[in-house]
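Before any comments, here is the structure.
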Protein chains: 4
Amino acid sequence: MSSVSNPKHTAILDAAYALFGSGGFYETKMSEVAEKAGIAKGTVYLYFKSKEDLFMAVTRRDCEGFLQQLEVKLGAENSLPGKLSVIAKHHLFYYYERKQHTKLFFRAPNNNPELVAYMALFMEQYMQAVVKVLVEGGAVEPELMAKSYIGMLDRLKMDILFDPQFAEADAHKRAQFVADLFIGGAIGNINPAE
Amino acid sequence: MSSVSNPKHTAILDAAYALFGSGGFYETKMSEVAEKAGIAKGTVYLYFKSKEDLFMAVTRRDCEGFLQQLEVKLGAENSLPGKLSVIAKHHLFYYYERKQHTKLFFRAPNNNPELVAYMALFMEQYMQAVVKVLVEGGAVEPELMAKSYIGMLDRLKMDILFDPQFAEADAHKRAQFVADLFIGGAIGNINPAE
Amino acid sequence: MSSVSNPKHTAILDAAYALFGSGGFYETKMSEVAEKAGIAKGTVYLYFKSKEDLFMAVTRRDCEGFLQQLEVKLGAENSLPGKLSVIAKHHLFYYYERKQHTKLFFRAPNNNPELVAYMALFMEQYMQAVVKVLVEGGAVEPELMAKSYIGMLDRLKMDILFDPQFAEADAHKRAQFVADLFIGGAIGNINPAE
Amino acid sequence: MSSVSNPKHTAILDAAYALFGSGGFYETKMSEVAEKAGIAKGTVYLYFKSKEDLFMAVTRRDCEGFLQQLEVKLGAENSLPGKLSVIAKHHLFYYYERKQHTKLFFRAPNNNPELVAYMALFMEQYMQAVVKVLVEGGAVEPELMAKSYIGMLDRLKMDILFDPQFAEADAHKRAQFVADLFIGGAIGNINPAE
DNA sequence: TATGAATGAGTTTTCATTCAT
DNA sequence: CATGAATGAAAACTCATTCAT
């Protein structure tokens, strides 16, 4: 994989990330990718054997970055609430910073088994990272809890992706809200007087 | 839209629902839709002005059904925990019954503002239904809580959609799990001894 | 096969026959075929599912015509020498009339098993027609003799195809020459005095 | 053309001969030729200015070899029947030994005037070699006879090329058959009793 | 209304050839 | 001489949409 450091390889991935992210797989043309990367159409095929292959590579790079950064951040935190807060912030800020690339996951090529398998693997790895945190905190049914937590974060992420007004401070508040809700439950936010 | 009750209109929607659901937007052909509906290709265009228009109609019908059924079920329940449980079951069973149509939402046409707007509207309506329940229960920040709840459900829905082994009883347990977690929080599931 | 009488089907076959015949398979473009047939590119694909499929159809029509005409002509002749002469004339005139379509057989698509099988079948049928004539004449080893005769004709056909000066009368003489040579052998043409 | 003896030049020709022969012109890639020759793609162009040029060179070398060997063999034989037998054997064995390279002649580039001219020249030379034998034997119309003889051989060659069962002994018998048929004519093989 | 034959714009991919090193 | 990364022209094929009947 010396190609990882190849500048053209990287330029293609960057161009494809931007285009797939904003237009989705089907509406991104290989010619656009080449143009944005500043190379000829044929050159893209020297580095990636097909459009699907390129999409896989883009996805892979993005997911790996997501998981690696999460690991680093979790390592610097000890308490369960602290770690859950780290996860929430990571999830929401990661997408906050990538608002432009909304469609990378939403508009993936249909019926590509390799991609489906990879996305399942990514989710599994992400979930296991959360599971580990929960298990260390003594959780029962950690898998379902992890999925639930990720689900909460993912839904709130939507507002970030689709709301052009969304600001960094909002992401901050929202991350904390989810972490608190997850730990304390809705009961803590419900006015008993009512 | 008197055509709503037109049998051909319905046949097209049914055919499109099945095909878009299993193959996604881009990999479904209008000719297939026509064939499955038992009519000629040109006839589809008498009822829907384009492929995107048809997809919109399919989506709309599905979402409206989802919301209407939810309203009915919520009307038969009074307590907050009961209503949250109803929401969870509705969400999970709705997709359990539609396992075959995984791709209706995942593989939508890109860059169609009308569809994006409609999906946002649907989410808003769904959220408002949950918000109403939460507000009646005296919740603070009901919108964020509603989104979080829906997010939890949505993530768990994935297992239903992609796990061929998933059985009805599992959906039941999972729905209850989410409702409980949402109300009591993770703290209720964490072993204090640890 | 009602399409056989379809005028568009026929127009495409005619256009393809002319183009494949003069330019060969690889250098004939589907767009050229469409243009020559006076229809749109996509329309060609309504009648033939691929370029190879079209080539097969063209080949088939040509070969069937060749064999059918031969049968008719052989039926009108009784003696062995007469029949051999008929074969020679048919072979040579068939190609004389089709000088423009030289490349139909020479430049066929590579590695297409269906085509290879069909050409083998055609040769077998042609050979069997000649074999039948020879057997009726009491020949020993009729298959090898039939192949040899066809081979002689085929080689002489080349002059017709590639010599622009070649006239109908020449074809006539040549056909008779081959028939005589085949029956009498070289010995009849060799001057014993030398 | 001092490059004739250059080992790289030869390696390219050998590689191209093998690939063009088994895959035909259009389905052989220059990169494959380079790889099989053990050199870089660009290097091929130092020796041959284009793919067609390379094909020409391969064809030329093969045809020259065919004619040279024929001359040698004919020089060692005196009688007319003996020489005709030599020709038949040479023709059939040459292809018997090259069964793998079926496509060298069948799948040539279309519309290349230089190649067409060369093949015509080759045929002319081959024919003249046969003509010379016939003239020495006192033949009338030696050109047509030569072409006929070559044609017989060529058709029988087909069985060799396409029949995987074909063995050396069969080639032997067939060569003799053709020589006899050519000299004695069909009349010699026809049962007069019939 | 209903049909389905016809259209043609649009996209991926290949591969011979070039040329800077 | 040798290399192989880069190029970009070229072509098959698809399929949403139209429209004459």
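No hydrogens, no waters, no symmetry mates; every other heavy atom, side chains included, goes into these values. All chains are named by letter (A, B, ...) in the order of the sequence lines, taking the proteins before the strands, and each is independently numbered beginning at 1.
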With the side chain defined as heavy atoms from C-beta on, C/Y47 is closest, among E/dA6, E/dT13, F/dA16, to E/dA6
Closest to the side chain of C/K8, out of F/dA6, E/dT14, E/dA6, is E/dA6
May I ask you to test the A/F20-A/T59 pair for a side-chain heavy-atom distance under 4.5 Å? no
Discussion item. Could you check whether C/Y26 and D/F25 have their ring centres less than 6.0 Å apart?
Written reply: no
TODO: Inspect the contact between A/R61 and A/D14 and indicate whether a charged nitrogen and a carboxylate oxygen are less than 4.0 angstrom apart.
DONE: yes
Starting at [atom1] of [X] and ending at [atom2] of [N], how long is that distance when rounded to a whole Å?
{"X": "B/K51", "N": "F/dT17", "atom1": "NZ", "atom2": "P", "result": "8 Å"}
{"X": "C/L46", "N": "F/dT14", "atom1": "CG", "atom2": "C1'", "result": "11 Å"}
{"X": "A/Y45", "N": "E/dT14", "atom1": "OH", "atom2": "C1'", "result": "10 Å"}
{"X": "A/Y26", "N": "F/dC15", "atom1": "OH", "atom2": "P", "result": "11 Å"}
{"X": "B/M30", "N": "E/dA5", "atom1": "CE", "atom2": "P", "result": "17 Å"}
{"X": "D/E27", "N": "E/dT14", "atom1": "CD", "atom2": "C1'", "result": "13 Å"}
{"X": "C/F48", "N": "F/dT14", "atom1": "CZ", "atom2": "P", "result": "16 Å"}
{"X": "A/E52", "N": "E/dT11", "atom1": "CD", "atom2": "P", "result": "17 Å"}

Heavy-atom nearest nucleotide on DNA chain F taken for B/S50 and for C/K49; more 5' hit belongs to C/K49
Heavy-atom nearest nucleotide on DNA chain F taken for D/I39 and for C/S31; more 5' hit belongs to D/I39
5'-most contact on DNA chain E (nearest-nucleotide basis), D/K29 vs B/T43, goes to B/T43
| Base of E/dT13 paired with side chain of A/K41 (donor-acceptor, under 3.5 Å) | yes
### Query
Can you tell me if B/D62 and B/Y94 form a side-chain donor-acceptor pair at under 3.5 Å?
yes
